[in-house]
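Only one structure is covered here, and it is reproduced in the block below.
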Amino acid sequence: MSDRFTLSRRSLLGLTAGLGLGAAVSPSLAFGSPASLPSSSPYPKGARPRVLNVLTEDSLSTAERTLATTLQGLMARRGGESLYLNLPTLGYQHWLDGLVSQYGVRVRAEDLWKTVGRSGVHGYVLFRTGTPSVNVATTLAGVTGAVAIEESLEALAIQHGLRKVLDVRDKDDRWVFETCWPRLRHDVAVEQRADFPERLRDYVTMAGTLAFFDGNSDFRAEVVNALDDDGTVIGWGDASNGEDAFIGVNSSTGVKALPADHARNLSVLSGIREDHLTQRGRAFDPALRPAASTAQPTTGGQSGGGGGRALEPEPDPNAHYVSFLITDGDNIQWALGDFPTDPRWFGSPRRGEVDLGWGISPSLIDLAPSAMRWFYEQSEKDRWVVGPSGGGYMYPSRYPAAALEKHTASLAKAMGRADLSVAQIIDFNAFENTALWSSYLKRREIDGLIYLEYSRYDGLKGKVVWSEGKPVISARTMLWDGLDGADEASVTAELNAATRNPHSTAGYSIVVWHAWSKSVDSVLSVVNGLAPHVKVIPPDTLVRMVGRYAKP
């Protein structure tokens, strides 16, 4: 996008000009180079861990957490021994258990400073809490191979044999951007508040990328504009005036966002490789298919994803078909955090009573494939679709055409690897733009799209448009606390009164339920009130049925 810097990152690795580094420190080479990009992955990945020194996050001080995570990122570059920051009440215990049971990783409890001593790290970058210098130090840890040390820990760092590489206590994000940008990644940047001491910092250091945060300023726009076409901002911006304030800027410059500002351990979790994962949830309720069904399998490259597919149900002419789909499936931090454990969501003891649709980011096939594998293995009646708006959160109608082509090509590959065939879209008044949806739907891996109007999600009331012979289906209704017509009783009544005709698009409904104000219990309250003719099926099945039986 920007031609501000003409030299490539690779041609400048190892240069020290302008950094004030001592001659004895070889940047990047001091502790391994930043992670390269695997051929199958659009994201930098750590090396596979063999042994993890497990530290419980709440056992560390704020300053120690920054040290631990920048050390973790450096150790993840070479694999073998690394760190794992555990939060046992969240999903991180699941991911740790899976690394042990599924991938043979060994774990041990260890002292932070002993790990520092064994790590081979010799230097530190000095920062001050409460200032932007924590982002500067995190970024430069990836450049120099030194850990980030808060000034209160400096004496301990020296005691343990570390020597100061840089003092950045008076530096800010703009300084490091202007000084180091040619030596940082241009495909990924991390947007992270300075008051988060540990979250995402391991990934910044491992990947050799920029960490920054400056609200919705001109400087932020300059950073985003400097990224590659279809680059990724991992983290989250200033949403005090609505998320469109920064997602809109990203989209206009051809950059997507991965909400992940509370994520931990990505440097370690990304070190696992999975070329392909298969959903295990059933594609639909077998009771819906008559024994003499003539439905044909959707295989042989005729549609996307689909390793776990079955025949679509032969439509009941007197039925109305409905799918329930959660919002916010693009959220990495939530998927790794309390989503798998909280009883409102995937941790509900009632999950499995009905076929449910869940959103997931296809980036997990690279950033945390063991977590995606766990979700699939835990899914008996759950089916997964891509969260908004594909490879990351953006507004497709604002994406430059070349960047959108790059985005959907990469998305299709990830969907094929992750057995996903349907993507959600969030946009503004773009539903009728069928040429826009062609960029998605010309990909054989993608069967259809589920469209959510930015406000409100169900504003188009189930309308369907077609592109490349595939459907783009809008939400008919939604469960959302405090909105008219979005309560359980209203949704139940609307579905019971809906058209019974599977050969018409009116014979199908997608109900989106708001993750932050509703729960699995809310969905089941609706399901338990449905008339017998209203059949609940997974969202990917509904999309294929619309595409097959309701095409005009």
Side-chain angles (χ1 to χ4, degrees), residues 43 57 85-96 98 190-193 196 198-203 232-239 242-243 246-247 256-266 268-270 324-348 351 356-376 378-379 382-394 414 418 420 423-424 426 450 452 457 478-481 512-523 539:
Y43 297 100
E57 185 175 288
L85 220 58
N86 197 16
L87 289 83
T89 59
L90 302 182
Y92 293 96
Q93 186 64 54
H94 290 307
W95 320 141
L96 182 60
V190 171
E191 189 165 18
Q192 184 60 294
R193 295 177 182 270
F196 288 178
E198 71 291 294
R199 294 158 235 186
L200 276 183
R201 300 195 180 280
D202 65 307
Y203 194 76
T232 307
V233 179
I234 302 177
W236 196 241
D238 178 4
E243 60 198 33
F246 59 95
I247 299 297
K256 59 189 177 294
L258 287 182
D261 51 321
H262 293 278
R264 283 87 160 172
N265 299 305
L266 284 182
V268 170
L269 294 172
S270 67
F324 293 88
L325 179 61
I326 198 169
T327 65
D328 294 78
D330 58 316
N331 195 315
I332 301 294
Q333 64 190 27
W334 181 42
L336 297 179
D338 53 355
F339 173 74
T341 58
D342 195 298
R344 289 174 292 177
W345 307 311
F346 201 73
S348 170
R351 182 177 57 84
L356 283 179
W358 303 93
I360 198 167
S361 173
S363 69
L364 286 182
I365 192 71
D366 293 304
L367 294 178
S370 60
M372 179 175 267
R373 176 177 174 174
W374 184 88
F375 282 124
Y376 285 5
Q378 299 299 314
S379 298
D382 308 288
R383 295 291 292 181
W384 299 84
V385 304
V386 173
S389 285
Y393 182 20
M394 51 79 162
L420 297 162
Q424 297 180 68
I426 291 179
I450 295 173
L452 309 177
Y457 284 178
M478 63 183 180
L479 285 166
W480 193 308
D481 192 39
V512 291
W513 55 283
H514 184 226
W516 314 120
S517 67
K518 296 296 181 179
S519 66
V520 170
D521 286 348
S522 307
V523 174

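Every value quoted in this text rests on a predicted model; they were computed, and no experiment measured them.
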> If we ignore angles and hydrogens, is there a donor and acceptor under 3.5 Å between the side chains of S379 and W384?
Replying inline: yes
>> Using modelled atom types and a 3.5 Å cut-off, is there a donor and acceptor pairing between side-chain atoms of T232 and backbone atoms of I234?
In response: no
> Taking all non-hydrogen atoms of both residues, which atom of P343 and which atom of S348 are closest, and how far apart?
Replying inline: O-CB, 3.1 Å
>> Test of understanding: with ring pair (Phe, Tyr, Trp, His ring centres under 6.0 Å), list the residues that count as partners of F339, not counting sequence neighbours.
In response: W334, F346, W358, F375
> Would you say the side chain of D202 lies within less than 4.5 Å of the side chain of V268, judging by non-hydrogen atoms?
Replying inline: no
> Could you give the distance from CG (L325) to CD (Q424), rounded to the nearest 0.5 Å?
Replying inline: 4.0 Å
> If you look only at pairs with a residue in residues 330-343, which of them pass as a salt bridge (Lys or Arg N to Asp or Glu O under 4.0 Å), with sequence neighbours excluded?
Replying inline: D342-R344
> Quick one: CH2 on W480 to CH2 on W516, what's the gap to the nearest 0.5 Å?
Replying inline: 11.0 Å
> Do F324 and S522 have side-chain heavy atoms sitting under 4.5 Å apart?
Replying inline: no
> Given the rule in the side chain to side chain contact (heavy atoms under 4.5 Å, CB included) test, do T341 and T89 qualify, once you have shown the distances and angles that lead to the verdict?
Replying inline: CA-CA 8 Å; T341 58; T89 59; over 6 Å; no
> Heavy atoms, side chains only, cut-off 4.5 Å: are W513 and V520 in contact?
Replying inline: yes
>> I'd like to know if the side chain of S389 reaches the main chain of I426, judged simply by a donor and an acceptor atom lying under 3.5 Å from each other, with no hydrogens or angles considered.
In response: yes
> Is the shortest heavy-atom distance from the side chain of S363 to the side chain of Y43 under 4.5 Å?
Replying inline: yes
> When rounded to the nearest 0.5 angstrom, what is the spacing between CG in L87 and CD in E198?
Replying inline: 8.0 Å
> T327: what forms a side chain to side chain contact (heavy atoms under 4.5 Å, CB included) with it, not counting sequence neighbours?
Replying inline: Y457, V512, H514, A515
>> Does either side chain, that of Y92 or that of E57, offer a donor lying less than 3.5 Å from an acceptor on the other one?
In response: no
>> Ignoring hydrogens, what is the shortest heavy-atom contact between P340 and A335? Give both atom names and the distance.
In response: CD-O, 3.4 Å
> Just by distance, do the side chain of Q192 and the backbone of D261 share a donor-acceptor pair under 3.5 Å?
Replying inline: yes
>> Is there a side-chain contact between L266 and L336 in this structure, where contact means two heavy atoms from C-beta onward sitting under 4.5 Å apart?
In response: yes
> Which residues satisfy the side chain to side chain contact (heavy atoms under 4.5 Å, CB included) test with P88, sequence neighbours excluded?
Replying inline: T56, N86, Q93
> CZ/F196 to NE2/H262 distance, rounded to the nearest 0.5 angstrom?
Replying inline: 4.0 Å
> Do you know which two heavy atoms are closest between A418 and M372, and how far apart they sit?
Replying inline: CB-SD, 3.8 Å
>> W236: which residues meet the ring pair (Phe, Tyr, Trp, His ring centres under 6.0 Å) condition with it, sequence neighbours left out?
In response: F246
> Quick one: salt bridge (Lys or Arg N to Asp or Glu O under 4.0 Å) pairs with a partner in residues 360-372, sequence neighbours left out?
Replying inline: D366-R417
>> Which residue is it: V233, L200, D238? I am looking for the one with a side chain to side chain contact (heavy atoms under 4.5 Å, CB included) to E191.
In response: V233
> So which heavy atom on R193 is nearest to which on G237, and how close?
Replying inline: NH2-O, 4.1 Å
>> I need the D328 CG to S361 OG distance, nearest 0.5 Å.
In response: 12.5 Å
